[in-house]
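Below, read A as the first sequence line, B as the second, and so on, with proteins coming before strands; counting in each chain starts at 1.
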Amino acid sequence: MDPLKEEFYQLPTIDLAKALLGCLLVKETEEGITSGYIVETEAYMGPHDRAAHSFNNRRTKRTEIMYGKAGLAYTYTMHTHCLINVVSAGLDEPHAVLIRALEPHDGIDLMLKRRPVDNKKNLTNGPGKLTKAMGITMEDYGHPLFESPLYITHGIVPEEIVEGKRIGIENTGEARNYPWRFWIKDNPFVSR
DNA sequence: GCAAGGATGGCG
DNA sequence: GCCATCCTTGCG
């Protein structure tokens with residue numbers, strides 16, 4: 001399946017966060033191909049979103065890619081883990097969509113080898129878990145997600161999308177209450 | 001230089 | 001609910 005085209009990412013950030021649900025995230029490596037359906041995302045709305053790394057237009061080496069064009073990968077390190085976002089909105093609008101959970105699809109054996117778990121439900125049901133299972137690292141910082149070897153393609157159309165508060169941003173004032181987390185209703189691979 | 005603080009995950 | 005662990009950031 002071909003990657004979704006660059007034009008796919010030309011959506012308002014909230015719309016993109018929803019549009020990404022059901023899409024297939026694919027990573028090709030020498031070890032093999034892994035992929036999973038995106039089942040949970042969060043929108044980070046840049047300068048006016050206290051929970052965003054780019055709040056108040058903070059522009060550093062880390063956040064620089066958020067000021068780039070939509071469809072690039074923004075990877076960063078959180079504690080000992082790598083998290084992946086899809087850069088959103090126009091140039092100099094530093095928005096991003098965090099990919100929080102996947103439903104494993106291809107290469108499940110390889111993912112289990114990278115990240116052994118008893119139950120397949122726990123393989124990619126968290127932002128740090130899915131990157132480890134798929135072999136996504138800081139090497140992917142700035143990679144265009146409309147190109148191999150790390151790309152997003154058409155998957156399934158979700159039956160119903162639900163929204164709620166974002167996770168893990170307790171110390172961000174009002175921003176913690178914004179309903180900018182989206183997931184596929186009743187999907188067992190959502191993080192919580 | 002250095003201290004503080006996470007968009008986490010795993011274990012108790 | 002606690003903490004390991006380590007990179008980024010802001011400040012001195």
Side-chain angles (χ1 to χ4, degrees), chain A residues 13-14 16-18 20-21 23 25 34 36 38-68 70-89 93-104 111-143 145 150 152 161-184 187-192:
Chain A
T13 302
I14 296 288
L16 182 62
K18 295 180 190 171
L20 283 168
L21 293 173
C23 291
L25 178 67
T34 52
I38 298 170
V39 299
E40 181 182 357
T41 59
E42 282 180 358
Y44 286 85
M45 303 291 282
H48 306 292
D49 176 4
R50 193 166 149 193
H53 293 156
S54 52
F55 173 65
N56 205 20
N57 276 311
R58 181 165 52 178
R59 189 163 185 158
T60 64
K61 188 172 180 184
R62 177 173 73 153
T63 62
E64 182 61 33
I65 204 68
M66 294 181 77
Y67 292 80
L72 302 181
Y74 168 38
T75 50
Y76 75 96
T77 306
M78 159 53 49
H79 293 260
T80 52
H81 309 280
C82 177
L83 275 58
I84 182 168
N85 295 250
V86 180
V87 173
S88 173
E93 279 186 286
H95 294 200
V97 176
L98 172 67
I99 299 177
R100 281 197 59 88
L102 302 177
E103 175 174 334
M111 290 196 272
L112 282 169
K113 183 177 150 197
R114 288 171 176 151
R115 193 171 177 287
V117 286
D118 292 337
N119 189 331
K120 200 178 80 173
K121 284 191 177 178
N122 298 323
L123 186 52
T124 55
N125 64 338
K129 298 178 183 178
L130 70 92
T131 53
K132 181 161 188 192
M134 292 195 58
I136 294 168
T137 69
M138 287 306 293
E139 302 275 307
D140 295 303
Y141 182 88
H143 176 79
L145 292 168
L150 174 62
I152 293 170
I161 293 171
V162 280
E163 64 182 40
K165 295 179 184 179
R166 294 175 293 180
I167 290 175
I169 53 165
E170 309 311 313
N171 199 19
T172 61
E174 268 302 295
R176 63 180 290 185
N177 295 318
Y178 299 161
W180 289 345
R181 171 176 171 242
F182 306 95
W183 66 95
I184 297 177
N187 187 283
F189 297 92
V190 168
S191 66
R192 55 177 95 162

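Counting only N and O atoms by type, the side chains of Asn125(A) and Lys121(A) include no donor and acceptor under 3.5 Å apart.
The distance between atom CD1 of Ile136(A) and atom P of dA7(B), rounded to the nearest whole Å, is 19 Å. Atom OH of Tyr76(A) and atom P of dT9(C) are 12 Å apart (whole Å). Between Arg192(A) atom CZ and dG10(B) atom P there is a gap of 12 Å when expressed in whole angstrom units. In this structure, Met78(A) places its CE atom 17 Å from P of dA4(C), rounding to the nearest Å. If you measure from atom CG of Leu130(A) to atom C1' of dT8(B), you get 12 Å, rounded to the nearest angstrom. Rounding to whole angstrom units, CZ of residue Arg58(A) and C1' of dC11(C) are separated by 14 Å. Between the CE atom of Met66(A) and the C1' atom of dT8(C) there is a distance of 14 Å, rounded to whole Å. Across the protein-nucleic acid pair, Lys129(A) atom NZ and dC11(B) atom P stand 11 Å apart, rounded to whole Å.
Place Arg62(A) and Val117(A) on DNA chain B by their nearest nucleotides, and Arg62(A) ends up nearer the 5' end. When each of Asn122(A) and Leu98(A) is assigned the nucleotide of DNA chain B bearing its nearest heavy atom, the one mapping closer to the 5' terminus is Leu98(A). Position along DNA chain C of the nearest nucleotide to Met138(A) versus Thr80(A) favours Thr80(A) as the more 5'-ward residue.
Evaluated for a side chain to side chain contact (heavy atoms under 4.5 Å, CB included) with His95(A), the options Val87(A), Leu16(A), Thr13(A), Val86(A) yield exactly one hit, Thr13(A). Screening Val97(A), Ile14(A), Leu98(A), Ile169(A) for a side chain to side chain contact (heavy atoms under 4.5 Å, CB included) involving Trp180(A) leaves a single residue, Ile14(A).
Asn85(A) comes within 4.0 angstrom of a nucleotide base, judged by non-hydrogen atoms across all strands. Residue-level contact check: Ile169(A) touches the backbone only, with heavy atoms under 4.0 Å from sugar-phosphate atoms and none from bases. Within 4.0 Å (heavy atoms only), Arg100(A) reaches sugar-phosphate atoms of the nucleic acid but no base atom.
Here His81(A) does not lie in a stacked arrangement on the base of dG9(B), lacking the combination of planes under 30° and ring centres under 5.5 Å apart.
For Leu83(A), whose side chain is taken as the heavy atoms from C-beta onward, the closest listed nucleotide among dA4(C), dA7(B), dG9(B) is dA7(B). Of the candidate nucleotides dG9(B), dC7(C), dG6(B), dC7(C) has the atom nearest to the side chain of Thr77(A).
A donor-acceptor pair under 3.5 Å links the side-chain atoms of Ser54(A) to the main chain of Pro94(A), judged by distance alone.
Pair check for dG5(B) finds dC7(C); Watson-Crick or G-U wobble, both atom distances under 3.5 Å.
Judged by the 6.0 Å distance and 45° axis criteria, Arg166(A) is positioned over the aromatic ring of Tyr44(A).
Phosphate proximity of dG9(B) to Arg115(A): absent, as no side-chain N or O sits under 4.0 Å from OP1 or OP2. Taking only side-chain nitrogens and oxygens, His79(A) never comes nearer than 4.0 Å to OP1 or OP2 of dG9(B). Between Thr60(A) and dT9(C) there is a side-chain polar atom (N or O) within less than 4.0 angstrom of OP1 or OP2.
The pair Glu163(A)-Arg181(A) does not count as a salt bridge, with every side-chain nitrogen at least 4.0 angstrom from each carboxylate oxygen.
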